[in-house]
Every structure is written in structure tokens, then in C-alpha cells.
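Read the structure below first, then the notes.
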Amino acid sequence: MYNVYIFDLDGTLLDTLQDLANSVNYALRQHGMPEHSIDDIRRFVGNGVRLLMERSVPDGARNPQFEDTFAIFRQHYMQHSLDTTRPYDGIPELIHELKNRGCQMAVVSNKMLAATQELVHHFFPDIPVAIGEHEAAGIRKKPAPDTVYEALRQLGYPFQLEGDSGRVAVYIGDSDVDLATASNSGLPCISVLWGFRDRDFLLAHGATTFAEHPLDILSI
């Protein structure tokens with residue numbers, strides 16, 4: 001067991017894919033742009049909503065209608081982020097058990113800060129720290145370690161854990177971005193297999209520790 005569990009959000013705690021796809025395609029429709037399948041959106045997510053839209057809009061940020069399309073997406077998603085989004089099976093039980101064991105928890109995400117906090121507070125009130133894409137100067141999004149260090153700071157730990165930190169904190173995510181974030185933060189990473197990336201993809205990006213079901217995390 002670890003003292004601190006730091007979770008990614010989309011694809012790790014919550015299945016947000018359908019709501020993200022719905023908002024992307026709604027924004028694209030407003031400008032007559034081609035829409036995308038769920039599988040497309042699955043490939044596009046993981047690096048924040050701006051990059052999601054750059055991958056979704058023809059010609060990306062070079063498209064003269066990009067900023068307006070991105071703004072429409074943000075507004076629509078804030079109004080519809082709870083339409084179909086749900087925790088993955090076993091996640092509520094995992095969070096409950098970690099709390100019972102006295103572990104501290106946080107969420108760090110490249111999702112918009114307001115949406116991150118809304119979703120975490122709605123579904124996981126026992127997780128006290130929720131950090132999204134941060135507009136404060138000097139706080140870079142994942143895979144930079146900044147949001148992880150901020151989460152640790154809010155939980156009462158130093159930015160960089162000193163000495164034998166191997167069993168102090170662990171990072172849990174479903175993507176290559178999460179693997180890089182953990183590495184950059186100096187933390188071990190548990191890669192989950194119920195999210196947006198499969199085992200082969202994660203292995204190719206350096207994953208070594210896997211959880212096939214949320215409750216597996218309790219024994220790692």
C-alpha cells in the first residue's frame with residue numbers, strides 16, 4: 001500500500017468518452033465540419049481539450065474557425081459533462097476502501113479545471129484534491145510534473161519527495177501521457193487496462209505494472 005494515490009481522471013476513474021465525443025461533434029456541426037467516431041475520439045484524448053480539438057478540426061489550429069469551434073466545445077461540454085459519464089465498475093469500491101485504509105487521494109487531469117473539479121466533486125466527494133488544466137503561471141499541464149507536485153502540496157507533502165519515496169505515493173493512469181507524468185514526477189506508475197489505451201500500447205510506452213480491475217490496485 002501507498003500513503004498517497006494520485007489518479008488520472010478520463011479513462012482511469014471515469015468513462016467520459018461519449019460525452020467528450022458528443023461535445024466535439026456538436027461543435028464541429030456548428031461549422032459544417034466532418035464529425036468523428038468514438039474510436040477517433042479515443043485516439044485523440046489524453047493531452048488536454050485544446051489538443052483534442054486540434055486533432056478533431058480539419059487543419060487543426062490553423063483553421064480560421066478553430067477558436068470559435070473550440071469555444072463552442074468548451075461551453076457545450078461544461079453543460080453536458082454529466083450526461084453519460086460514469087465511474088468504471090469497481091472504482092467507487094476502490095475509493096471507499098482506500099479512504100477506509102487512511103490513504104490520501106488526489107486527481108490530476110489535463111481536462112479543464114472547472115470540469116475536473118465538477119466531476120470529481122460529483123462522483124468522488126472523498127477525494128479532496130482535484131487539479132485540472134491550470135491557468136496559473138508556471139504550472140504546466142501533464143506530462144510535466146507540476147500538477148502532481150501541486151496535488152502533493154495540497155495534501156501536505158513536499159513538491160519532490162525526498163529519500164525513499166517508493167512507497168509514499170503512486171500515480172495511476174491509462175495512457176502514455178500518464179506514464180511520462182509519473183516518470184517526470186519521480187513516482188511509480190500503475191497502468192490500468194479498462195481505459196482508453198490497451199496493454200500493447202502501454203507496453204510500447206514503457207508500462208511495467210498493470211491493473212486489470214480497480215480492486216487489483218489494493219494489492220500492488
Side-chain angles (χ1 to χ4, degrees), residues 7-92 107-124 130-134 141-143 147 172-181 191-202 204-205 211 213-214:
F7 294 93
D8 173 53
L9 187 59
D10 297 44
T12 300
L13 295 179
L14 294 176
D15 184 354
T16 57
L17 198 57
Q18 188 64 62
D19 285 338
L20 286 167
N22 290 347
S23 291
V24 167
N25 287 330
Y26 175 84
L28 296 174
R29 282 197 302 274
Q30 307 315 301
H31 290 294
M33 298 175 183
E35 298 181 31
H36 291 283
S37 69
I38 285 287
D39 284 341
D40 289 340
I41 302 301
R42 186 189 304 275
R43 292 195 303 272
F44 295 165
V45 297
N47 296 88
V49 292
R50 185 176 184 87
L51 189 53
L52 166 63
M53 291 305 295
E54 288 181 6
R55 291 166 172 167
S56 300
V57 171
D59 295 324
R62 296 187 301 274
N63 190 309
Q65 295 178 311
F66 175 79
E67 293 298 338
D68 187 54
T69 307
F70 183 36
I72 292 171
F73 162 82
R74 289 170 64 98
Q75 181 180 31
H76 188 272
Y77 187 68
M78 286 304 301
Q79 295 172 348
H80 295 276
S81 64
L82 293 171
D83 287 0
T84 66
T85 289
R86 296 291 182 273
Y88 288 102
D89 291 344
I91 288 294
V107 168
V108 295
S109 175
N110 279 343
K111 185 187 289 292
M112 296 174 291
L113 177 61
T116 298
Q117 293 181 337
E118 178 183 18
L119 289 168
V120 172
H121 294 162
H122 179 81
F123 287 109
F124 310 115
I131 299 173
E133 190 173 32
H134 215 292
K141 71 177 185 178
K142 301 187 297 183
T147 51
I172 301 165
D174 73 307
S175 74
D176 54 325
V177 174
D178 295 317
L179 285 160
T181 301
S191 296
V192 307
L193 297 177
W194 55 82
F196 297 164
R197 304 289 186 264
D198 62 24
R199 182 189 290 268
D200 288 343
F201 179 93
L202 294 167
H205 287 84
H213 185 275

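In this structure D89 satisfies the side chain to side chain contact (heavy atoms under 4.5 Å, CB included) test with no other residue, sequence neighbours excluded. Judged as a side-chain hydrogen bond (donor to acceptor under 3.5 Å, both in side chains), and not counting sequence neighbours, the contacts of D10 are T16, K111. In this structure, R55 has no salt bridge (charged side-chain N to carboxylate O under 4.0 Å, His left out) partners at least two apart in sequence or on a different chain. Partners of R86 under the salt bridge (charged side-chain N to carboxylate O under 4.0 Å, His left out) rule, at least two apart in sequence or in another chain, do not exist in this structure. Residues that satisfy the salt bridge (charged side-chain N to carboxylate O under 4.0 Å, His left out) test with D39, not counting sequence neighbours, are R42. Residues passing the side-chain hydrogen bond (donor to acceptor under 3.5 Å, both in side chains) test with T69, sequence neighbours excluded: none. Partners of E67 under the side-chain hydrogen bond (donor to acceptor under 3.5 Å, both in side chains) rule, at least two apart in sequence or in another chain, are R50. Residues forming a side chain to side chain contact (heavy atoms under 4.5 Å, CB included) with P58 (at least two apart in sequence, or on another chain): M33, P34, N63. The side chain to side chain contact (heavy atoms under 4.5 Å, CB included) search around H122 returns L82, not counting sequence neighbours. Applying the salt bridge (charged side-chain N to carboxylate O under 4.0 Å, His left out) rule to D178 yields the partners K142; only residues at least two apart in sequence or on another chain are considered. When the side-chain hydrogen bond (donor to acceptor under 3.5 Å, both in side chains) test is applied to Q75, no partner is found at least two apart in sequence or on another chain. Residues passing the side chain to side chain contact (heavy atoms under 4.5 Å, CB included) test with S81 are Y77, E118, L119, sequence neighbours excluded.
The OG1 atom of T85 sits 7.0 Å away from the CG atom of D15 when rounded to the nearest 0.5 Å. Going from atom CD1 of I72 over to atom CZ of R29 covers 11.0 Å, rounded to the nearest 0.5 Å. With rounding to the nearest 0.5 Å, the separation of CZ in F73 from CZ in F66 is 10.0 Å. Once rounded to the nearest 0.5 Å, the distance linking CG of D40 with CD of E35 reads 11.5 Å.
Atom OH of Y88 has more than 12 neighbouring heavy atoms from other residues, nucleotides or ligands inside a 6.0 Å radius.
Side chains of N22 and H80: a donor-acceptor N/O pair is absent below 3.5 angstrom, by distance only.
Of the listed residues (I41, L17, D8, T12), just one forms a side chain to side chain contact (heavy atoms under 4.5 Å, CB included) with F196, and that residue is L17.
Relative to the ring axis of F70, R74 places its NZ or CZ within 45° and under 6.0 Å from the centre.
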